[in-house]
Amino acid sequence: MRRADIVVGLLLTLFGLVSLFAIIPAQVGSAAGDAGVAPDLFPLVLMSLLTGLAVLLWVSRLVHHAKADEPAPLRPEDFFYILAASIVLAASFLAITHLGFIAGGVLTVAVAMLAMEGRHHPLRLVATSLLAPLAVFAFFRYLFSILLP
């Protein structure tokens with residue numbers, strides 16, 4: 001477990017640094033909006049927190065000297081779940097990128113609801129799928145003056 005935490009922590013740190021210095025600046029503008037909040041503020045803050053937590057993970061495991069390396073608490077099936085969740089997140093990103101935030105968000109929320117619980121009342125499925133992306137869009141657009149794609 002200690003070895004796995006160190007490897008995962010280092011990989012997440014690398015991902016965070018690449019995101020902070022390459023991906024976010026290339027994908028999100030840094031000019032301040034009407035409200036004075038730059039569009040890259042939230043991505044930078046969240047990625048900085050993730051990167052900091054990743055550093056804490058691998059540093060704490062380097063400092064903590066366990067006598068024996070415990071086995072990882074994940075079973076092989078858990079790795080399949082992580083892979084499937086990663087594929088769903090990538091598909092959600094592509095849907096939002098190509099269809100726009102509202103249409104991609106509606107599709108993403110509907111698929112997520114169906115995947116989590118399977119059967120839903122049709123009205124609840126449609127209402128949640130429509131209202132959640134619209135609420136997020138309105139929150140960013142009218143409160144922070146940040147335009148989502």
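Remark: S92 engages V88, T108 in a side chain to side chain contact (heavy atoms under 4.5 Å, CB included) (not counting sequence neighbours). Residues satisfying the ring-ring contact (aromatic ring centres under 6.0 Å, His included) criterion with F42, sequence neighbours excluded, are F140, F144. In this structure, Y81 has no side chain to side chain contact (heavy atoms under 4.5 Å, CB included) partners at least two apart in sequence or on a different chain.
Here CG of L57 is found 9.5 Å from CG of L62. Values are rounded to the nearest 0.5 Å. With rounding to the nearest 0.5 angstrom, the CG atom of L56 is 11.0 Å from the OG1 atom of T51. The structure places CG of L44 at 5.0 Å from CD1 of I24, a figure rounded to the nearest 0.5 Å.
Follow the hydrophobic side-chain contacts under 4.5 Å out from F137 and you reach I96 in the same cluster. Residues V109 and L131 fall into different hydrophobic clusters, defined by Ile, Leu, Val, Met, Phe, Trp and Tyr side chains chained together at heavy-atom separations under 4.5 Å. The hydrophobic clustering, which links ILVMFWY residues whose side-chain heavy atoms are closer than 4.5 Å, places F15 and F21 together. A single hydrophobic cluster is seen to contain both L143 and L134, as judged by linkage of ILVMFWY side chains at heavy-atom distances under 4.5 Å, directly or through other members. Connection of V59 to I6 is established within a shared hydrophobic cluster, with ILVMFWY side chains joined at heavy-atom distances below 4.5 Å, either directly or through further cluster members.
Listed here is the closest heavy atom pair of A54 and L12: CB-CB, 3.6 Å. Closest of all the heavy-atom pairs between V106 and P133 is N-CG, 3.5 Å. Minimum interatomic distance between R124 and M113 (heavy atoms only, all atoms of both residues): O-CE, 4.1 Å.
The other members of the hydrophobic cluster of L107, by chain and number, are L99, V111 (side-chain heavy atoms under 4.5 Å, ILVMFWY only). Other members of the cluster containing I23 are L14, V18, with ILVMFWY side chains joined at under 4.5 Å, either directly or via other members.
Using a distance-only test at 3.5 Å, with no hydrogens or angles considered, no donor-acceptor pair links the side chain of T128 to the main chain of L125.
In this structure, P25 and D40 have side chains that are not in contact, with every pair of non-hydrogen atoms separated by 4.5 Å or more.
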* Asked: Could you walk me through whether L11 and V8 pass the side chain to side chain contact (heavy atoms under 4.5 Å, CB included) check?
  -> CA-CA 5 Å; L11 288 173; V8 168; 5.6 Å; no

* Asked: Given the rule in the side chain to side chain contact (heavy atoms under 4.5 Å, CB included) test, do L50 and L46 qualify, once you have shown the distances and angles that lead to the verdict?
  -> CA-CA 6 Å; L50 174 72; L46 293 176; over 6 Å; no

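Residues in residues 6-25 take part in these side-chain hydrogen bond (donor to acceptor under 3.5 Å, both in side chains) pairs, two or more places apart or across chains: T13-W58.
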